[in-house]
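Structure record follows, encoded as structure tokens.
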Amino acid sequence: MLTAVTAGAAAPYVFSSEVNAAATKKCSALTGVEIAADAIGLPTGGATVSSAVPASAGGSGEQAYGAHCLVSGDVKPVDPAAPNIKFQLALPEQWNGKATMLGGAGLNGSIPPLTNASNLWGAQKKPLPLSRGYAVFSSDSGHQNKNGEHPAAFGANQEALKNYAGDALKKTRDVAVKLIHSRYGRAPAKSYFLGYSKGGGEALAAAQRWPADWDGVVAGAPGWNVTAVALGMLNAAQAVAVPGAWLNEAKRHTLHAGVMRTCDALDGVEDGIIGNPRTCEARFVPTTLRCPRGEDTGNDCLSDVQLAALKRINDPKSLSYVIGTGESSLPGYPIYLADQGGGVPDAVHKELLTQLGVYGSTPPAFPPTPQMPPGLSQADGVVRHMIVGDPNFDTLAMDLASGSGMASRIEANSGLFSNIADLSPFQERGGKLLLWTGSAEPAARTSMHYYSRVQAAMGPARVDSFVRYYEVPGAQHGPSSTFQPEWDQLATIENWVEKGADPANTIVATDDAGVPGRTRPLCVFPSWPKYKGSGDVDNADSFTCASR
């Protein structure tokens with residue numbers, strides 16, 4: 001028997017009561033359930049449910065969710081010195097017969113919430129998976145943040161590091177599916193993975209390593225190789241740590257305004273969004289902002305030292321060792337496209353962008369402080385704790401090109417993260433992948449490069465049968481002052497997998513920051529939204545997806 005219900009103003013979702021009643025367990029009966037190690041696809045010490053309690057309905061509007069059973073538990077390690085993987089699973093009373101796993105963020109260490117959208121960047125105002133009747137689960141990736149300890153300190157334990165690099169995904173998924181079966185009497189009919197940033201990298205790992213487990217995957221701004229991301233962040237930090245290289249807020253405004261003068265109209269309209277980023281990167285000449293004689297003469301120009309730092313951040317950097325899927329270089333960060341807080345009148349967004357961007361509130365130094373960009377602290381921790389194994393190692397003094405004697409360790413650490421470009425097993429079983437990023441954020445080029453690798457490995461025609469890659473103009477990594485996209489990612493992947501509704505150039509994203517409420521089409525890469533020449537510039541209907 002099928003029952004249709006609605007969640008707020010969203011489309012109706014269908015919930016299934018077709019479960020095997022004889023095989024089901026009540027919520028409270030799940031407490032204490034143990035899952036044997038041989039029922040989990042990677043080595044563990046088994047898993048135990050510590051609590052299973054009825055939870056009331058909550059949320060509001062489209063994000064209202066129904067009553068559910070909240071299950072908490074631990075997947076035990078093989079190494080007794082390694083931490084447990086802590087997980088949670090929400091089992092709705094009205095189950096739609098499907099499951100969703102949520103990815104983490106940064107260095108993880110805590111379980112993403114199942115009843116709000118804080119880890120679902122780009123869909124933070126859309127119906128939750130739980131709102132739609134999904135069984136939803138996630139984990140802390142196999143370690144817990146501790147007061148007084150660097151969030152990357154767990155990396156000294158090899159099992160904990162491998163869990164963080166991806167193993168925890170499989171372990172958590174297998175345990176969750178067992179518990180779903182115990183609760184409802186059958187396994188999920190469809191399973192999806194949603195992630196952004198580190199969670200986006202986890203989404204790619206799910207498709208790469210365990211293709212049989214997933215029907216659809218959404219990977220937003222994927223930090224798909226944490227080692228490479230850390231080195232890129234350190235490269236940027238080292239560039240602006242040079243005396244005189246750091247840009248204050250006024251100079252960041254000068255840079256942002258100069259880029260906008262060159263690039264804003266390249267998409268057919270001056271609307272505060274650089275809609276044609278590739279042409280912008282080719283057209284913008286940084287030296288047009290040079291101070292007389294290259295000296296730092298004020299906030300309305302940039303010195304030679306500052307221009308050199310920007311060039312180092314933007315340009316690829318050659319390495320004497322190999323990372324990722326065989327690269328011996330870092331792709332650089334599209335610093336000219338990114339608002340670092342200099343174009344924002346809103347103090348709240350300005351502070352958010354300052355902390356997320358390259359510059360922070362103070363210049364980088366060792367050891368990092370909270371006033372410096374959080375990305376520096378994360379990258380510094382990855383190198384010191386996961387690679388070098390020396391908490392006193394000065395990462396700002398590290399020679400990235402040679403690896404400062406750590407090249408073999410860097411390569412080994414990079415190899416822990418999923419670097420598979422041939423997604424044939426995922427494609428052959430019907431899996432679909434939505435890959436997306438902002439054009440103004442550090443992951444832009446790494447996402448583009450990964451998409452190109454997949455095309456090279458499988459051929460463009462095969463890739464086009466199951467992957468859609470979108471680059472959102474103006475979007476930063478998280479809070480954005482230009483265009484902060486909101487779109488229904490779960491509905492998009494669900495409709496593509498289950499109904500064959502190709503999302504190609506049909507998705508419309510709503511801005512939640514620059515001009516709240518304006519819309520733009522999401523265009524399949526390498527196309528971009530071009531103004532048609534007439535119509536409301538805040539309406540997606542006035543734009544078309546163009547390739548030149």
Side-chain angles (χ1 to χ4, degrees), residues 200-201 204 221-242 245 247 255 259 262-263 274 276-287 302 304-338 340 357-359 364 373 375-376 378-379 382-383 387 395-396 398-404 406-407 410-411 413-415 417 419 421 435 437-457 469 471 476-477 525-526:
L204 288 183
W224 60 276
N225 190 291
V226 169
T227 315
V229 171
L231 295 178
M233 289 178 174
L234 281 180
N235 182 56
Q238 289 179 353
V240 298
V242 172
L247 301 185
L255 173 62
V259 175
T262 298
C263 300
I274 299 174
N276 187 355
R278 300 288 82 76
T279 301
C280 176
E281 291 187 307
R283 294 270 186 92
F284 176 64
V285 180
T287 53
L302 303 180
D304 283 348
V305 173
Q306 291 157 353
L307 290 168
L310 290 168
K311 178 174 172 57
R312 174 176 171 178
I313 295 168
N314 179 77
D315 290 357
K317 183 176 184 64
S318 296
L319 306 172
S320 64
Y321 47 91
V322 176
I323 55 174
T325 53
E327 294 80 17
S328 56
S329 66
L330 301 172
Y333 171 17
I335 186 70
Y336 304 121
L337 297 174
Q340 302 291 321
V358 164
Y359 291 97
L376 169 59
Q378 179 175 327
V382 167
V383 172
I387 298 174
T395 51
L396 286 181
M398 180 181 181
D399 179 33
L400 296 178
S402 70
S404 288
M406 300 294 166
I410 294 171
E411 289 183 338
N413 184 266
S414 175
F417 297 92
N419 301 309
L435 177 64
T437 190
S439 67
E441 66 140 278
R445 290 176 183 163
T446 57
S447 298
M448 178 181 66
H449 287 182
Y450 180 72
Y451 180 65
S452 297
R453 292 182 194 102
V454 176
Q455 288 185 312
Y469 170 42
E471 194 171 280
Q476 258 277 20
H477 192 82
F525 184 85

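Note that the numbering runs from 1 along the sequence shown for the chain.
Expressed to the nearest 0.5 Å, how far CG of L330 lies from CG of D315 amounts to 12.0 Å. One finds the CG atom of L400 at 7.5 Å from the CD1 atom of I410 (value rounded to the nearest 0.5 Å). The structure places OG1 of T437 at 11.5 Å from CZ of R445, a figure rounded to the nearest 0.5 Å. In this structure, CZ on R312 lies 13.0 Å from CD1 on I335, to the nearest 0.5 angstrom. How far CE of M398 is from CE of M406: 7.5 Å, rounded to the nearest 0.5 Å. Distance CG/N419 to OG1/T227: 8.0 Å, rounded to 0.5 Å.
Distance alone, capped at 3.5 Å, places no donor-acceptor pair between the S328 side chain and the V322 backbone. Between the side chain of E327 and the backbone N or O of L319, no donor-acceptor pair lies under 3.5 Å. No donor-acceptor distance shorter than 3.5 angstrom exists from the side chain of E471 to the backbone of S439, with no hydrogens or angles considered. Without hydrogens or angle criteria, S414 side chain to I323 main chain gives no donor-acceptor distance under 3.5 Å.
You'll find the side chain of R278 stays beyond 4.5 Å of the side chain of P526, heavy atoms only. With a 4.5 Å cut-off on side-chain heavy atoms, V240 and I313 count as touching. Using a 4.5 Å heavy-atom threshold, the side chains of V454 and L435 count as separate. Residues Y333 and M233 fail the side-chain proximity criterion, which asks for heavy atoms closer than 4.5 Å. In this structure, the side chains of Y469 and S447 come closer than 4.5 Å at one or more pairs of heavy atoms. Within the 4.5 Å cutoff, the side chain of V382 has no heavy atoms near those of the V229 side chain. You'll find the side chain of N225 stays beyond 4.5 Å of the side chain of T446, heavy atoms only. Within the 4.5 Å cutoff, side-chain heavy atoms of L234 are placed close to those of L376.
Nearest heavy atom pair, residue C280 against residue L337, reads SG-CD2, 3.6 Å. Nearest heavy-atom pair across S320 and S402 is OG-CA, 3.4 Å. Counting all heavy atoms, side chain and backbone alike, A309 lies closest to A239 at CB-O, 3.5 Å. Counting all heavy atoms, side chain and backbone alike, W224 lies closest to R453 at CZ2-NH1, 2.9 Å. Closest of all the heavy-atom pairs between Y321 and A401 is CE2-O, 3.6 Å. Heavy atoms only, all atoms of each residue included: A338 and A440 are closest at CB-O, 3.2 Å.
Other residues, nucleotides and ligands contribute more than 12 heavy atoms inside 6.0 Å of the NZ atom of K317.
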TODO: Evaluate side-chain contact (heavy atoms from CB on, under 4.5 Å) for T262 paired with V285, printing each intermediate quantity in order.
DONE: CA-CA 9 Å; T262 298; V285 180; over 6 Å; no
TODO: Kindly determine whether E281 and N314 satisfy side-chain contact (heavy atoms from CB on, under 4.5 Å), including the steps that lead there.
DONE: CA-CA 10 Å; E281 291 187 307; N314 179 77; 4.2 Å; yes
